[in-house]
Amino acid sequence: QVQLVESGGGLVQAGGSLRLSCAASGSIFSINDMGWYRQAPGKQRELVASITSGGTTNYAESVKGRFTISRDNAKNTVYLQLNSLKPEDTGVYYCKAKITTWEGYMMSNYYWGQGTQVTVSS
């Protein structure tokens, strides 16, 4: 069984910074794409940033130049550095990963973490 556990959320003033972490554990054979999504109250969940196993990154226009996604493949962990935070960045941040597991055979699935709250005050 695979688990994704996020940490690092919190309350911060506008202009501040946070660093989110998401660690994957379980019967992991390999991890392909990893990403961060967020969901603001009353809105749909949206992609914030993603990173491939080779390190290619992709960002939502609204966070380009302020957020940085990175990963540590040895630790099965993806990070999101949030700088110059704005009130509109408030929401629950979820990580998502495409993980191949080995339990006698290989199977690939997408997994989600439980989410971590980020609140930016003005």
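Pairs engaging residues 18-122 under the disulfide (SG to SG under 2.5 Å) rule: C22-C95 [sequence neighbours left out].
Nearest heavy-atom pair, P87 versus A14, reported as atom, atom and distance to 0.1 Å: CD-CB, 4.2 Å. Minimum heavy-atom separation, S53 to D33: N-OD1, 4.4 Å. Taking each heavy atom of D89 and R66 in turn, the nearest pair found is OD2-NH1, 2.8 Å. In terms of heavy atoms, L4 sits closest to A24 at CD2-CB, 3.3 Å. Of all the heavy atoms in R38 and S62, the pair that sits closest is NH2-OG, 3.5 Å.
By the criterion of side-chain heavy atoms lying less than 4.5 angstrom apart, applied directly or through intervening Ile, Leu, Val, Met, Phe, Trp or Tyr residues, W36 is not grouped with Y94; the two fall into different hydrophobic clusters. One hydrophobic cluster, built from ILVMFWY side chains closer than 4.5 Å, holds both L80 and L18. In this structure, V118 is a member of the same hydrophobic cluster as M34, with clusters built from ILVMFWY side-chain heavy atoms closer than 4.5 Å. Linking ILVMFWY residues whenever their side-chain heavy atoms come closer than 4.5 Å, directly or via other members, places Y93 and V63 in the same cluster. Hydrophobic clustering keeps L20 apart from V92 (ILVMFWY residues linked when any side-chain heavy atoms are closer than 4.5 Å, directly or through intermediates).
In this structure a side-chain-to-backbone donor-acceptor pair under 3.5 Å is present from E6 to G115. Under the 3.5 Å distance criterion, the side-chain polar atoms of Y59 are matched with a main-chain donor or acceptor of I69. When atom types are taken as modelled, the side chain of Q39 and the backbone of G91 share no donor-acceptor pair closer than 3.5 angstrom.
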In a table with atom names and distances, give each donor-acceptor pair under 3.5 Å that connects a side chain of residues 99-110 to protein atoms at least two apart or in another chain.
residue, atom, partner, partner atom, Å
T100, OG1, S108, OG, 2.7
T101, OG1, M107, O, 3.4

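Using a 4.5 Å heavy-atom cutoff, the side chains of T68 and Y79 are not in contact. In this structure the side chain of L47 never reaches within 4.5 angstrom of the side chain of K96, judged on heavy atoms. The shortest side-chain heavy-atom distance between V2 and I28 falls under the 4.5 Å cut-off. Looking at heavy atoms from C-beta onward, L82 lies out of side-chain contact with V120 at the 4.5 angstrom threshold.
Here the OG-NZ distance, from S122 to K86, works out to 14.0 Å after rounding to the nearest 0.5 Å. Here the OG1 atom belonging to T52 is positioned 7.0 Å from the CZ atom belonging to R71, to the nearest 0.5 angstrom.
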Test I31 against N73 for side-chain contact (heavy atoms from CB on, under 4.5 Å), laying out the working first. CA-CA 8 Å; I31 302 178; N73 291 329; over 6 Å; no
Let's go through L11 and Q117 carefully: what are the C-alpha distance in whole Å and the side-chain angles of both, what is the deciding distance for side-chain contact (heavy atoms from CB on, under 4.5 Å) to 0.1 Å, and is it a yes or a no? CA-CA 8 Å; L11 173 63; Q117 177 71 44; over 6 Å; no
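Atom CD of E88 sits in a crowded spot, with more than 12 heavy atoms from other residues, nucleotides or ligands closer than 6.0 Å.
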